[in-house]
Each structure stands twice: as structure tokens, then as C-alpha cells.
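Heads up: the structure comes next, in C-alpha cells.
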Amino acid sequence: MTDYDVIVIGGGAIGENVADRAVQGGMRTVIVEAELVGGECSYWACMPSKALLRSGSVLATARAVPGAAEAVTGSLDVARVLARRDQVTSNWKDDGQLEWLESAHIDLVRGHAVFTGPKALRVTAGDGTVTELTANHAICVSTGSLPLLPDTPGLAEAQPWTSRDATSAKTIPSSLAIIGGGVVAAEMATAYTSLGASVTLIARGKLLANQEPFAGEKVAEALTKAGADVRLGTSVERVETADSESGHTLLLSDGSAVVAEKILVATGRVPRSSDLGLEAIGLPAGGWLTTDDSLRVLDADGAPIDWLYAAGDVTGRALLTHQGKYQARIAGDAIAARALGKPVDTSPWGVHSATADHAAVPQVTFTTPEVASVGLTAAEAEKRGIRTRVVDYEIGWVAGATIHSDGYEGTARAVVDEDRRVLVGVTFVGADVGELLHSATIAVTAEVPLERLWHAVPSYPTLSEVWLRLLETYGRPTA
Ligand SMILES: Cc1cc2nc3c(=O)[nH]c(=O)nc-3n(C[C@H](O)[C@H](O)[C@H](O)COP(=O)(O)OP(=O)(O)OC[C@H]3O[C@@H](n4cnc5c(N)ncnc54)[C@H](O)[C@@H]3O)c2cc1C
Ligand SMILES: NC(=O)c1ccc[n+]([C@@H]2O[C@H](COP(=O)([O-])OP(=O)(O)OC[C@H]3O[C@@H](n4cnc5c(N)ncnc54)[C@H](O)[C@@H]3O)[C@@H](O)[C@H]2O)c1
């Protein structure tokens, strides 16, 4: 039996950050990791997917800038794109992460952890070695999420790709049918189209339905223009696989059929909590771990368990690396503060409260065009009873867009809370708008009054000038 002040289950980006903050708070801390330290984001999600997307995005921009366009004479070098992706994932080796753990004074136990009781875990390594661990103060669960697989007849037999296969593929299939209309579906449709696959995207609803409506519309339009077949409002009812040579036939609810060499299922995520032994501590297996805003897990009565924390995807709060790392900083600090009897500030926007998860989550979808959003959409704000005014502006009309590329197309939307005269949501769609997003995140999180925003002067001629145009469209304040 080995004891630590803090045990973190899961060494993904989020677990690493919980452990780092706990160590910095004076806690002796260990991470238990079953697979690769660095987790999904580093090896099978954010990093490889963005590496697969980047070359196509650069090429599209270059083709829209005369002078550069003439220098682009070929299509993407697929082998080089895949090689760069391999480099970005460190060839699926975690040596670099191990060095970082050592420098951050975080111990590591490799293996699969299950709860044996309160503050107690059993870790079984790949070679069968068992380590019993106990925590003096806290255990934080950061085990992430797994792909959701719909029980569509014939789908499992077709051995579909999940996001792991799509981000780590060594060759590009000639045709790819993507089931889903969310972020993974949109990004992988963009990447695989640019890499030469014949892509069909099948979504039961709209594309990027959680975003402002124009976001999904513009991405669907661009995908179609790039050669993808985008089928919205239709579901896969059955999959037939005659043999591996002829590929798969997907029969859709609108009566049509799609034939593809590979199928990618991108229908969302489920919490990775079914094999954690949660029953040993009185929690149901397989569910999201609901937390308070200082990331303590809530019991069946909704009361926080004082020694049990969770951060990242497994909480279901916001399935994004940056938002999970935000939770991790708060969880690690709260664990250390409570252990040492120091003050804990869980008031909204307090140092130990993940308040932004409710009102100011930023996200960039790296499609062509990009979608960058923070806070509430107009529809969400209305649902919350906020009296809003929606302000739209075409990004292509600002001087920065003229310089960026010819025929720049993009839209910006600001959702104004009319009673408080602050922004509650901002969305940008267009090439390279991802780098604009943090300005909006600051405006929304800091609740900067519109009157003060007029004094935040965007540099000329950058895309940021869209901020000034949004304010002008809203109307200049009077003294
Ligand atoms: C294709 C794709 C692209 C994405 N792109 C982006 C993006 O661009 N930007 C963004 O912000 N987000 C992106 N995301 C989301 C992002 O990947 C996740 O939000 C993030 O990885 C969650 O981190 P985590 O640490 O909670 O979980 P994970 O990274 O999954 O880490 C959990 C770790 O826990 C380990 N583990 C699980 N159970 C146990 C156990 N019982 N014992 C020991 N170890 C265990 C696992 O092996 C794993 O290493 C993307 C997701 C996908 C699928
Ligand atoms: N750039 C980024 O920030 C980025 C990129 C990729 C993924 N992610 C994160 O990873 C998570 C997973 O992404 P995702 O795209 O898998 O999930 P998602 O929740 O974004 O989209 C799921 C899609 O699948 C559809 N769907 C769900 N169940 C279905 C079913 N049974 N049959 C048919 N369609 C079904 C939904 O209608 C939706 O269109 C998201 O929460 C996202 O935030 C982020």
C-alpha cells in the first residue's frame, strides 16, 4: 500500500494539469495512467486532427492570394501531411510527457485504476502487477470520454472508424462516409476531402447544430464546393457489408444509399467511467461525474463528496481541452487549499470556481472556413430569458479581409444583453478567425461594457476591425 496526498486517475491533458497545480500547492501527487501520458488530445484528437487540417487550410488561403496562388501548382502532398501529423503526435510515444512529469515532480503509476473504497484504488499494470494506492486528501478522476457508437443494424459488423482511426490513419481511403453532424464530423470531412477522399457526410439534423445557424450553413456550403456530398436531415437506418473489397452500403432514412470504403462514426462521446469501480464508493458506473463548480463530485443526493474530484471530459461540463485544463487548475488549487485549511473562494468567478463553463466557453472548429465562438448563441440567450439584440456584420467588408485574401467571405455575430449592455456571445465564421476569438472571450468573460469596448481600438488593416464595425452597427453611444 502506497499513500499520496493526491491521486489523479488519467494522465490526459486535464489530469496532468490537476496534478501540476496540486504539486504546486504542496501536495505529494501521483498520476495513474492506463495508456499514453498526454491522453486523447495529444495522440488521437486535437493535435493530429489539426495537423491533418492545417495543410489544406494553408493551401486554400494561398490559392486566394494572387501572386502566391500562381506559385501553388499542385495539390496536397498527402505523404508529407501524414508525416507531419506523425511528428506532431511524437509517433504515439509519451517520452516527452514523462520528462515533463519528472520536471514537475509528479509521480506516475502505469496501469488501470479501480476504486476499492473511499480514497483507495487498485492499479493493475499491463503485466499484471498490482499496486494499491491510498490518498491522504483527494482523488481526482480525469478519465476522459469514449466515442458513442449508435446501435444501427450492421454498423458494428462494418467495423467503422472512430475518431481515433480517422486521426491516426496511415493511408487515405478512396471514399469515406461520415455519420454525425458535430465538430468531429465537420473537421474530418474537411480534412479528408482536402486529402483526396470522396467524402459523404450524413447528419440527422443540421451541421454544427450547437452553433449559430449561419456557421453550419457556411461550412456545409464550403464542403460541397470542395467536392464533399453533405446530406443533412437524414439518418443511417442500416449498413450492409457484402465483403471488405466492395466496401459498405449505408441505407438512409430518405431512401437513398451511400457506398463507401470506410465509415467514420462521429456521433458524440460517452463518459469513460464504466470500468472504474465507482460502485465501491456508492456511485453508479458509466455516467458523467457531476461536479460542483470547485469540481467536487456530487453524490446521489447532490451533495459534494469532500475527497472526490473530477475534471475534463468525464464531467460532461464542456468537452474541450482548454476548458478541461481550466477546470484542472481550479480542482488542483481547491484540493491543495482545502487540504491545508487555506481559504477557498467558490463564489462566481472566484479563484476556485469554474464559472466560465456556464457562460463563456470558447471553441474553434478548424473547418474551412473556421468557426470561432464564445458564450451563448442568440437562441441560447433567448432561452435563458436574456433580452438580447443580435448584431451581424460581414467580415469580408473590412480592410483586413481585403488584404487577407481575395473574395474573403465571413460573418461575425455579437449577441448583446440589452439590460446590462454587455456581450453574452460572439461568433466569427471565416478564414483564420480562430486567432480573433480570444478578444471575444475576454469581452464576454470580463463583461466589458459596450461603451468601454469603443475604446478598444482594432489595428488597421486587420480582421479585428470587425469589432469596430459590429459596434457601429449596434450604434455609437451618446454622452
Ligand atoms: C477528433 C477530436 C478532435 C478534438 N479536437 C479538439 C480541439 O481541437 N480542441 C479542443 O479543445 N478539444 C478537442 N477535442 C476534445 C479533447 O480531445 C478532449 O476534451 C480532451 O482530450 C479531454 O481530455 P481528458 O484529459 O479529460 O481525457 P483524455 O485525454 O481522454 O485522458 C484520459 C486519460 O485517462 C486514462 N484512463 C481512463 N481510464 C483510466 C483508468 N481507469 N485508469 C487509468 N487511466 C485511465 C486514459 O488512458 C487517458 O489517457 C477533440 C476531440 C476529438 C475526439
Ligand atoms: N475543434 C474542437 O474544439 C473540437 C474538435 C473535435 C471534437 N471536439 C469535441 O469533442 C466532442 C465530440 O465531438 P463529436 O463531433 O463527436 O460530438 P458532437 O456532440 O459535437 O456531435 C455529435 C453529432 O452526432 C449526432 N448524433 C448523435 N447521436 C447520433 C445517432 N445515434 N445517430 C446519428 N447521429 C447522431 C448529433 O446530432 C451531432 O450532430 C465534442 O464535444 C467537441 O466539443 C472539439
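Note that ligands are numbered from 1 as they come in the structure, with each ligand's atoms numbered from 1 the same way. Note that the structure is predicted; figures quoted are calculated from it, not measured. Side chains are part of it too, since the values below use all heavy atoms of this structure and drop only hydrogens, waters and symmetry mates.
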Exercise for the section: Heavy-atom distances under 4.0 Å are what count here, so tell me which part of L320 touches ligand 2: side chain, backbone, both or neither. Expected result: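 Just the side chain.
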Between [options], which one has a non-hydrogen atom sitting closest to [atom]?
| atom | options | answer |
| --- | --- | --- |
| atom 50 (C) of ligand 1 | A45, A318, P271 | A45 |
| atom 30 (O) of ligand 1 | E16, R164, E40 | E40 |
| atom 43 (O) of ligand 2 | T152, L201, L319 | L319 |
| atom 12 (C) of ligand 2 | H322, E40, E370, R269 | R269 |
| atom 26 (N) of ligand 2 | Q323, R204, Q363 | R204 |
| atom 40 (C) of ligand 1 | A191, G268, A113 | A113 |
| atom 16 (C) of ligand 1 | L52, D313, T321, V109 | T321 |

Which atoms of ligand 1 have any heavy atom of [X] under 4.0 Å away?
| X | value |
| --- | --- |
| H322 | 11 (O) |
| I9 | 40 (C), 42 (N), 43 (C) |
| L319 | 15 (C), 19 (O) |
| S142 | 32 (C), 33 (C), 34 (O) |
| A13 | 25 (O) |
| L276 | 41 (N) |

Which ligand 2 atoms does [X] reach within 4.0 Å, using its non-hydrogen atoms?
| X | result |
| --- | --- |
| E187 | 1 (N), 2 (C), 5 (C), 6 (C) |
| K50 | 1 (N), 5 (C) |
| A266 | 16 (O), 22 (C), 23 (C), 24 (O) |
| G181 | 23 (C), 38 (C), 39 (O) |
| V364 | 1 (N), 2 (C), 3 (O) |

Problem - From S175, S174, S198, residue fulfilling side-chain hydrogen bond (donor to acceptor under 3.5 Å, both in side chains) relative to E261 - result: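 Filter result, single survivor: S174.
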Taking atom [atom1] as the centre, does [X] end up with more than 12 heavy-atom neighbours from other residues, nucleotides or ligands that are less than 6.0 angstrom away?
| X | atom1 | result |
| --- | --- | --- |
| E380 | CD | yes |
| M47 | CE | no |
| R28 | CZ | yes |
| N210 | CG | no |

With a 4.0 Å cut-off on heavy atoms, is [X] in contact with ligand 1?
| X | result |
| --- | --- |
| L36 | yes |
| R269 | yes |
| G324 | no |
| G111 | yes |

Handout entry: Protein heavy-atom partner closest to atom 35 (C) of ligand 1 - residue, atom, separation in Å
Key =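 For atom 35 (C) of ligand 1, the nearest protein heavy atom is E33 OE1, 3.3 Å.
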Practice task
Note the single closest protein heavy atom to atom 16 (O) of ligand 2, along with its residue, its atom name and the distance in Å.
Solution key: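 Closest protein heavy atom to atom 16 (O) of ligand 2: G268 N, 3.0 Å.
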Handout entry: Heteroatom proximity flag, F366 to ligand 2, N/O under 3.5 Å
Key =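 So ligand 2 has no N or O lying under 3.5 Å from an N or O of F366.
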Exercise for the section: Answer yes or no: does an N/O atom from V184 fall short of 3.5 Å to an N/O atom of ligand 2? Expected result: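 For ligand 2, there is an N or O atom that lies under 3.5 Å from one belonging to V184.
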Problem - From S273 atom OG to L289 atom CG, the distance as rounded to the nearest 0.5 Å - result: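 Rounded to the nearest 0.5 Å, the OG-CG separation comes out at 5.5 Å.
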Practice task
Under 4.0 Å, heavy atoms only, figure out whether ligand 1 is touched by the backbone of S49, its side chain, both or neither.
Solution key: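 Side chain only.
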Handout entry: Test: E187 and K50 ion pair at under 4.0 Å
Key =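 A salt bridge links E187 with K50.
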Handout entry: N-O pairing of R84 and D86 below 4.0 Å
Key =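 The answer is no: the pair does not qualify as a salt bridge.
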Handout entry: Side chain proximity check, F115 to L308, heavy atoms < 4.5 angstrom
Key =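 Yes. Closest side-chain heavy atoms under 4.5 Å.
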Problem - Check: Y4/D107 side-chain N/O donor and acceptor closer than 3.5 Å - result: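 Side chains of Y4 and D107: pair found under 3.5 Å.
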Exercise for the section: Could you go through the side-chain contact (heavy atoms from CB on, under 4.5 Å) check for R413 and V426 one step at a time? Expected result: CA-CA 6 Å; R413 167 168 291 183; V426 179; over 6 Å; no
